[in-house]
There are 2 protein chains.
Amino acid sequence: MSSKKSSAARANARARRKSLRLHGTIARDLGVLIVSGRYKPGDILNGEIDASDRLQVSRTAYREAVRILAAKGLVESRPKVGTRVSPQARWHMLDPDVLSWIFEFEPDDNLLANLFELRKIVEPEAAALAALRRTNEELEAMEKALQGMAAHTLASEAGRLADQEFHSAMLRASGNAFIVSLTSGVGAAVSWTTIFKQRHNPLRRDPIPDHQKVYEAVKASDPKAAHAAMLNLVELAQLDTTNSRKPKVAKTATSARS
Amino acid sequence: MSSKKSSAARANARARRKSLRLHGTIARDLGVLIVSGRYKPGDILNGEIDASDRLQVSRTAYREAVRILAAKGLVESRPKVGTRVSPQARWHMLDPDVLSWIFEFEPDDNLLANLFELRKIVEPEAAALAALRRTNEELEAMEKALQGMAAHTLASEAGRLADQEFHSAMLRASGNAFIVSLTSGVGAAVSWTTIFKQRHNPLRRDPIPDHQKVYEAVKASDPKAAHAAMLNLVELAQLDTTNSRKPKVAKTATSARS
DNA sequence: GAGCAATATAACTCAGACAATTCATGGTAA
DNA sequence: TTACCATGAATTGTCTGAGTTATATTGCTC
C-alpha cells in the first residue's frame with residue numbers, strides 16, 4: 001500500500017548522501033549509531049529480516065552493510081546469536097570511515113585530544129624521515145603544492161586541495177607505507193569533518209610560513225628542524241580546531257574538571 | 001554433473017580455514033592476491049557472474065567478499081566499469097586483516113622494516129603515556145600478566161596469551177583509544193603471523209627481564225625510563241623477527257642482489 | 001551434577017530476475 | 001572540426017524467496 005511512499009523515501013535517503021550505494025548509506029548510518037553510543041558494545045542488533053524490514057531494504061543490502069561494519073571491527077555476527085556490537089577495543093579507530101563517523105556526530109573532546117596526541121607523535125617523526133629520504137621529485141611536488149596554497153587561499157577548494165597535496169607529498173617522502181596510510185587517513189578524515197565547523201570562524205592565521213618551514217627543513221635534509229616544524233604545524237591545527245569548537249567556554253574554569 | 005565433486009571441494013576449502021564464513025575466505029583469498037601483487041593496482045577483477053562462477057560460489061557470497069575488501073580500501077567498484085584494485089596509497093595498511101594478509105604470504109623485507117619503524121615511533125611513546133596515566137588496576141593487570149609469562153613459557157599458548165595481555169594492559173593504561181587500536185592491531189597481526197616462523201627457531205632469549213623493566217618504569221611513573229625500556233623491547237622483537245627470517249643467507253652475499 | 005543429544009534460532013548461502021548507473025558510441029548542430 | 005547530447009550496452013546494484021549450516025539452549029540420561 002505504501003509502495004509509492006517508501007520508494008520516494010528511499011530515493012530521498014539516497015539523494016542526501018554523496019554517491020554511496022544503498023548498502024553504503026546503511027553501513028554509514030549504523031556505523032554512526034554505533035560509534036556515537038546509541039548502540040553499545042554487547043548490544044545485539046535486530047535480526048536480518050527484522051532490520052531490513054524496518055529500513056525498507058532487502059536483506060541483501062542490509063547484509064552487505066553489516067559486512068562492511070564487520071570489516072571495520074564494529075560488529076561481529078554469528079549464527080544463532082545474531083550481530084553483536086564489538087567492544088570498543090576491537091574497533092578499527094583509525095579506519096578513515098570510522099574516523100569520519102566518529103567526528104561527524106559529536107566529536108568527543110577527549111577523543112579529539114587523543115587523536116591530536118597521536119598525530120603529534122607520528123607526524124613529526126614522519127617529517128624527520130622525509131628530510132632524510134626525500135627525492136627531488138617529491139621536493140618539487142611539495143614546492144608546487146606550497147605555491148598552490150599561496151595562490152588560492154585556504155578558504156577555497158583549490159587551496160585545501162593544495163594543502164592536502166603538500167602533506168601527501170611529504171608523507172610519500174617519508175618512504176614508509178604504514179605511516180602514509182595512517183597519517184593520510186587521519187588527516188583527510190579530520191580536515192573533512194572540520195571544514196564546515198571552521199566556516200563560521202573566518203579568523204585564520206596565514207598557514208604559509210609554517211608550511212614553508214617544514215618544506216625548507218625537508219629540503220635541507222635537516223630531520224630535527226623538520227620534526228620541530230611539523231610538531232608546530234600539528235599544534236597549530238589543534239589550536240584552530242579546539243578554538244573553533246568551544247569559542248566562548250574558555251573562561252568557565254569549572255567546566256574543565258572531568 | 002559435478003555437483004557432488006564441487007560440493008566436496010567447497011567443504012574442503014572451508015575446512016582448511018579457521019572459522020571464517022564463505023565470504024570471509026573469499027575476501028581473504030582475494031585480499032592475499034592483491035597485497036601480494038598478483039593483482040596490481042588498476043587491474044579490474046572479473047565480473048561478478050564470471051568470478052562467482054569460477055569460485056563455484058553464489059554471486060551473493062562473492063559480492064559480500066568484495067564489500068569487505070572495499071571496506072579495507074583494497075578495491076573500488078562501480079557500475080559499467082567493474083571492480084578495480086585501488087592504488088596502494090588507499091589501502092588501509094594498518095587494518096589487522098590487511099596486515100595479516102601482507103605478512104602471510106611473503107613478508108616483504110622492506111615493509112617489515114617500515115612496520116617496525118612505526119612501532120619504534122609509537123609504542124615507546126605509548127609506554128611513556130602509560131607511565132603517566134596508569135591506574136592501580138591496570139598496574140595489577142600488567143603484574144599478573146608478567147607472572148603468567150614467567151609461569152608458562154613463551155613457547156606455550158598460555159604464555160603467549162599472557163604476553164599479549166601484558167601489552168594490552170600497558171596500552172589500556174596509555175589512555176588513548178587510537179594508540180590502543182593502532183598498536184594492538186599491529187602487534188596481534190605480527191605476532192600471529194610470525195609465530196609459526198619462529199617455531200623452528202627455539203633459540204629465544206628470556207623475555208621476562210625486558211618486560212620487567214617496562215613494568216617497573218610504568219609503576220614508578222617514569223615516562224623516560226618507560227620509553228627507553230619499550231624501545232628496547234621493540235628492537236629486540238625486530239631482531240628476533242629478522243633473525244628468524246633469514247638465519248643462514250647472511251653469508252651468501254650473492255643471493256642478496258635483487 | 002556432569003556430560004551429551006535434540007531443538008530452535010539466527011546467520012549463511014544459493015538462484016534468478018530486474019533496476020540503476022555510467023562509459024562509449026554515434027549523430028547532430030554550431 | 002569541435003562540442004554537445006541522446007542512445008545503447010555492460011556492469012554493478014537491489015530485490016525476492018527458498019533452503020542450508022552453525023551454535024546456544026534446552027532437556028535428557030547417566
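Every chain is numbered from 1 and lettered A, B, ... according to where its sequence line falls, protein lines coming before strand lines.
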Can you check the [X] [atom1] to [N] [atom2] distance for me, whole Å?
X       : N      : atom1 : atom2 : value
B:Leu55 : C:dC14 : CG    : P     : 10 Å
A:Asn46 : C:dT9  : CG    : P     : 16 Å
A:Glu64 : C:dC12 : CD    : C1'   : 14 Å
A:Ile68 : D:dT14 : CD1   : P     : 10 Å
B:His23 : C:dC14 : NE2   : P     : 11 Å
B:Ile44 : D:dA10 : CD1   : P     : 15 Å
B:Ile49 : D:dT11 : CD1   : P     : 7 Å
B:Arg63 : C:dC14 : CZ    : P     : 15 Å

So does [Y] get a backbone contact from the side chain of [X], meaning a donor-acceptor N/O pair under 3.5 Å?
X        : Y        : result
B:Asn176 : A:Asn114 : yes
A:Ser181 : B:Met93  : yes
B:Trp91  : B:Ser86  : yes

Picking from [options], which would you name as closest to the side chain of [X]?
X       : options                : result
A:Ala61 : C:dC12, C:dA15, D:dC15 : D:dC15
A:Arg21 : D:dC15, C:dC12, C:dT21 : C:dT21
A:Glu48 : C:dC12, D:dT12, D:dT16 : C:dC12

Shortest non-hydrogen contact from A:Pro87 to A:Pro41? CA-CB, 3.8 Å

Just N and O in the side chain of B:Arg59: are any of them under 4.0 Å from OP1 or OP2 of D:dC15? no

Value rounded to 0.5 Å, distance of CD in B:Glu140 from OG1 in B:Thr135: 8.5 Å

A:Arg28 CZ to A:Leu69 CG distance, which is reported to the nearest 0.5 Å: 12.0 Å

Can you tell me how the ring of A:Phe103 sits relative to the ring of B:Phe178, calling it parallel under 30°, perpendicular over 60° and tilted otherwise? parallel

Just jot down the side-chain contact (heavy atoms from CB on, under 4.5 Å) partners of A:Ile49, sequence neighbours excluded, or say none. A:Arg59

Using heavy-atom distances to pick each residue's nearest nucleotide on DNA chain D, tell me which of B:Leu45 and A:Tyr62 is more 5'. B:Leu45

Please confirm whether the ring centroid of B:His211 lies under 6.0 Å from the ring centroid of B:His167. yes

Angle between terminal axes - the helix from C:dG1-D:dC30 to C:dA30-D:dT1, 5 pairs each end, rounded to 10°: 20°

Close residues, residues 76-91 of chain A, relative to DNA chain D [heavy-atom separation under 4.0 Å]: A:Arg78, A:Pro79, A:Lys80

